[in-house]
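Below is one structure, written out as structure tokens, with a few remarks after it.
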Amino acid sequence: MNTVRGNAYAKLNLTLDITGAEGGYHQLDSLVTTIGLSDRIVIKKRKDQLVSVAMHGMNSEGIPPERNNAQRAGEKFVERFGTAGADVTVYKNIPLGAGLGGSSADAAGVLNGMAKLYGVTDGAALKSLADELGSDTGYLLHGGLARMRGRGDRVERFDSVPEMYFLVLCPQNGVSTAECYAAYDGLGKRYAPRTQEVAELLQSGNPQWAAGAFGNDLYEAAATLEPAVREALLSLKELSPSGACMTGSGSACFALFPTAELCDWAKSRYKGKCRAYTVAAVDPASKKNFGNPFVLREDEGI
């Protein structure tokens with residue numbers, strides 16, 4: 001096996017509660033799901049220990065290597081497991097700076113792909129390495145519906161992903177995660193927790209009821225930094241969804257609809273400036289999902 005290809009899926013934070021701070025980091029309690037929006041990753045073996053990463057799409061070509069999580073993931077993998085390197089190509093479809101986890105998804109995709117290439121089967125070591133690369137990376141090694149706590153390193157996966165259809169709006173400008181957390185601290189506000197309630201409703205098979213309790217403690221801070229976040233959320237609420245929320249630290253917002261047809265209808269009614277996507281929740285580790293699973297396989301003739 002010399003080449004693998006795979007999909008690195010975006011995520012949505014259905015809830016994001018900030019529960020405190022520890023060691024200079026905010027502590028979170030968040031429900032997340034992967035969705036059918038993904039970057040495509042191609043990884044080829046090298047004979048030396050170098051890692052090269054080529055980015056294509058979504059204006060990602062100018063990302064410097066030292067700030068590229070896919071690059072860092074490849075280099076840390078080689079260092080940790082003592083393997084040869086790889087040539088990585090990332091075809092971006094996940095918008096940058098949107099809170100959709102694109103950077104973490106790419107890092108997780110590189111780790112999964114290189115593990116496949118080099119026969120690394122130590123899942124605990126791979127998870128530990130992923131956690132060093134970002135708060136979402138360990139979760140995105142497998143994706144699906146999960147509850148993340150702490151810095152995002154404590155992941156509790158649900159057994160299945162409910163059928164959920166989303167309209168996602170991505171403003172033209174992203175929001176800096178660091179600036180958003182700083183703005184949150186500056187506001188000095190605290191919000192009632194919602195993650196436990198939503199988790200119980202989802203586990204009881206009621207995603208439409210759960211949607212009414214979706215929420216994100218970072219929303220007000222993000223909307224202060226980028227007014228288009230507020231405009232996106234208001235536009236979604238005008239389309240009568242079951243619920244709407246911002247994901248991550250923004251700038252993307254999403255709304256849940258009962259069916260794929262209603263989701264498509266809502267997209268057809270939206271006339272704003274945001275990039276709009278209709279997506280379903282997916283569980284990459286399961287064959288019984290509403291999108292293509294994350295499959296890394298050998299490709300011939302590449």
Side-chain angles (χ1 to χ4, degrees), residues 3-11 13 24-26 37-115 117-118 126 128-141 151-153 170-183 218 221-222 225-226 228-229 247-252 275:
T3 303
V4 294
R5 295 181 176 180
N7 296 326
Y9 287 95
K11 57 82 181 175
N13 295 86
Y25 293 94
H26 292 83
L37 173 64
S38 62
D39 293 344
R40 187 69 171 163
I41 299 180
V42 180
I43 307 174
K44 300 180 181 181
K45 281 184 177 178
R46 292 179 64 108
K47 295 182 179 179
D48 55 26
Q49 290 187 303
L50 297 179
V51 174
S52 71
V53 177
M55 307 292 294
H56 300 282
M58 291 289 167
N59 297 316
S60 63
E61 292 82 0
I63 299 175
E66 64 273 13
R67 293 180 56 194
N68 190 326
N69 261 8
Q71 180 80 40
R72 293 176 60 225
E75 292 173 349
K76 283 185 173 290
F77 183 94
V78 171
E79 178 183 347
R80 184 68 52 89
F81 297 107
T83 67
D87 292 320
V88 179
T89 305
V90 180
Y91 299 94
K92 292 291 295 179
N93 296 301
I94 304 171
L96 304 176
L100 294 167
S103 175
S104 295
D106 293 343
V110 169
L111 294 181
N112 276 328
M114 292 187 70
L117 272 182
Y118 291 110
L126 204 65
S128 176
L129 178 55
D131 288 336
E132 296 175 15
L133 293 164
S135 60
D136 296 324
T137 310
Y139 153 67
L140 286 168
L141 284 173
R151 293 178 56 191
D153 55 325
C170 295
Q172 296 178 8
N173 297 324
V175 174
S176 161
T177 298
E179 291 180 9
C180 189
Y181 276 102
L218 294 174
L225 294 170
E226 176 51 65
V229 172
T247 181
S249 57
S251 58
R275 187 182 290 114

Closest heavy-atom pair and its distance - Leu140, Gly101: CD1-O, 3.8 Å
Flag, side chain of Asn13 to backbone of Gly248, donor-acceptor distance under 3.5 Å: yes
Donor-acceptor contact present, side-chain Asp39 to main-chain Asn93, <3.5 Å: yes
Atom pair NZ/CG of Lys76 and Leu133 - distance to nearest 0.5 Å: 6.5 Å
Backbone of Gly85 reached by a side-chain donor or acceptor of Tyr118 within 3.5 Å: yes
Heavy-atom pair with the smallest gap, counting every atom of Val4 and Gly113: CG2-O, 3.7 Å
Heavy-atom closest pair, residues Leu141 and Asn112: O-ND2, 3.0 Å
Atom pair CG/CE of Leu96 and Met55 - distance to nearest 0.5 Å: 7.5 Å
Listed partners of Thr83 passing side-chain hydrogen bond (donor to acceptor under 3.5 Å, both in side chains), at least two apart: none
Derivation and outcome, side-chain contact (heavy atoms from CB on, under 4.5 Å), residues Phe81 and Leu129: CA-CA 10 Å; Phe81 297 107; Leu129 178 55; 4.0 Å; yes
Nearest-0.5 Å distance, CD of residue Glu132 to CZ of residue Arg80: 4.5 Å
Distance, nearest 0.5 Å, that separates CG of Asp153 from CG of Asp136: 11.5 Å
Student check: side-chain heavy atoms of Ile94 and Met58 closer than 4.5 Å: no
Any residue meeting salt bridge (charged side-chain N to carboxylate O under 4.0 Å, His left out) with Arg151, in chain and number order, not counting sequence neighbours: none
Thr247 side chain to Leu100 backbone, donor-acceptor under 3.5 Å: no
Closest approach of Ala84 to Arg46 (non-hydrogen atoms, all atoms of both residues): CB-O, 3.3 Å
Worked check of side-chain contact (heavy atoms from CB on, under 4.5 Å) between Asn7 and Arg40: CA-CA 5 Å; Asn7 296 326; Arg40 187 69 171 163; 2.9 Å; yes
Residue pair Asp87 / Ser52: nearest heavy atoms and the distance that separates them: OD1-OG, 2.5 Å
Atom pair NE2/CG of His26 and Leu218 - distance to nearest 0.5 Å: 8.0 Å
Minimal non-hydrogen separation, His56 against Thr89, with atom names: CD2-CG2, 3.5 Å
Flag, side chain of Ser251 to backbone of Asn173, donor-acceptor distance under 3.5 Å: yes
Any Thr3 side-chain heavy atom under 4.5 Å of Lys45 side chain: no
Spacing of Asp131 atom CG and Thr137 atom OG1 [to the nearest 0.5 Å]: 8.0 Å
Leu37 vs Pro95 side-chain heavy atoms within contact, under 4.5 Å: yes
Report all side-chain donor-acceptor pairs from residues 102-111 shorter than 3.5 Å, counting only partners two or more places apart or in another chain.
unit_1 : atom_1 : unit_2 : atom_2 : d
Ser103 : OG     : Asn69  : ND2    : 3.2
Asp106 : OD2    : Lys92  : NZ     : 3.1

Glu226 side chain vs Gly174 backbone, donor-acceptor pair below 3.5 Å: no
Whether over 12 other heavy atoms sit under 6.0 Å from Asn59 CG: no
